[in-house]
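What follows is one structure encoded as structure tokens, with my remarks underneath.
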Amino acid sequence: MRISFKLFVMILFLLNLSQTCVFASPQIVAEKKAGDFHYNIKADGETLTWSIGDGKKQSELKEDKNNQRELDQFREAVNEMSVQKFSLIIYILYLIFIGMIGYIFYKKVAKRKRELMGIVALFGIYAVYKCYMAYEFFVQAQWDAKYYFAALT
């Protein structure tokens with residue numbers, strides 16, 4: 001029992017030591033890619049180094065007080081693009097699902113066809129609206145990312 005406890009403590013100590021060695025070297029704090037834009041943040045001690053790009057042009061910047069706000073806004077715009085792209089895919093799948101349900105109701109239900117098609121149409125209109133709004137938010141985030149990328153480079 002005593003030997004296994006010592007072995008357990010030694011393993012924990014070695015794991016802790018290996019993490020300390022890894023954290024002492026530069027590490028990637030965050031990275032994201034959405035559309036043509038991407039960022040990669042590396043931490044080396046107290047300094048953050050940003051690698052940003054728009055598909056055509058790459059830039060590497062060190063974060064300081066002068067560009068901190070623009071870098072954060074660029075990061076938020078790229079993250080928003082990623083979220084809105086995912087939302088758009090989900091809403092398109094929802095629209096396809098509603099279309100399939102509508103087709104099944106149209107073919108299989110003889111009675112109350114008009115009422116069911118009205119309800120399906122309302123769900124379809126909602127899905128089209130959400131697809132449009134997700135696309136608009138995606139485009140807006142893309143414009144924001146372009147603006148902040150141009151401001152930074």
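Heavy atoms of other residues, nucleotides or ligands lying less than 6.0 angstrom from NZ of K146 number more than 12. By the 6.0 Å contact criterion, OH on Y94 is enclosed, its count of non-hydrogen atoms from other residues, nucleotides or ligands being greater than 12.
Between the side chain of K33 and the backbone N or O of G35 there is at least one donor-acceptor pair closer than 3.5 Å. With hydrogens and angles disregarded, no donor-acceptor distance shorter than 3.5 Å links the side chain of D44 to the backbone of T47.
Between atom CD1 of residue I90 and atom CD1 of residue I92 there is a gap of 10.0 Å, rounded to the nearest 0.5 Å. Atom CD in E60 sits 8.5 Å away from atom CG in N40 (nearest 0.5 Å). Of the inter-residue distances, the one linking S82 atom OG with K32 atom NZ reads 4.0 Å to the nearest 0.5 angstrom. Atoms CG and CG, from L71 and N66 in turn, are 11.0 Å apart once rounded to the nearest 0.5 Å. Taking CG of L95 as the start and CZ of F123 as the end, the distance is 13.0 Å to the nearest 0.5 Å.
The shortest distance between side-chain heavy atoms of E76 and Q73 falls below 4.5 Å. No side-chain heavy atom of F138 sits under 4.5 Å from any side-chain heavy atom of L88. The shortest distance between side-chain heavy atoms of F37 and F74 falls below 4.5 Å. Counting heavy atoms from C-beta on, the side chains of Y135 and C131 never come closer than 4.5 Å. R75 places none of its side-chain heavy atoms less than 4.5 Å from the side chain of I52. Annotation: side chain of S51 is in contact with side chain of Q58 (closest heavy-atom distance under 4.5 Å).
By the criterion of side-chain heavy atoms lying less than 4.5 angstrom apart, applied directly or through intervening Ile, Leu, Val, Met, Phe, Trp or Tyr residues, L122 is not grouped with Y126; the two fall into different hydrophobic clusters. Both L152 and L48 belong to a single network of hydrophobic side chains, linked directly or stepwise wherever heavy atoms of I, L, V, M, F, W or Y lie under 4.5 Å apart.
With 3.5 Å as the limit, one finds a donor-acceptor pair spanning the side chains of W50 and E63. A donor-acceptor contact closer than 3.5 angstrom links the side chains of E80 and Q84. In summary, the side chains of Y39 and N79 do present a donor paired with an acceptor at a separation below 3.5 Å, with no hydrogens or angles considered. Side chains of Q68 and D64: a donor-acceptor N/O pair is absent below 3.5 angstrom, by distance only.
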TODO: For Y91 and Y132, run side-chain contact (heavy atoms from CB on, under 4.5 Å): C-alpha distance rounded to whole Å, both residues' side-chain angles, the deciding distance at 0.1 Å, then the answer.
DONE: CA-CA 9 Å; Y91 287 125; Y132 175 74; over 6 Å; no
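Salt bridge annotation for R69-D72: absent, with no cationic side-chain nitrogen under 4.0 angstrom from a carboxylate oxygen.
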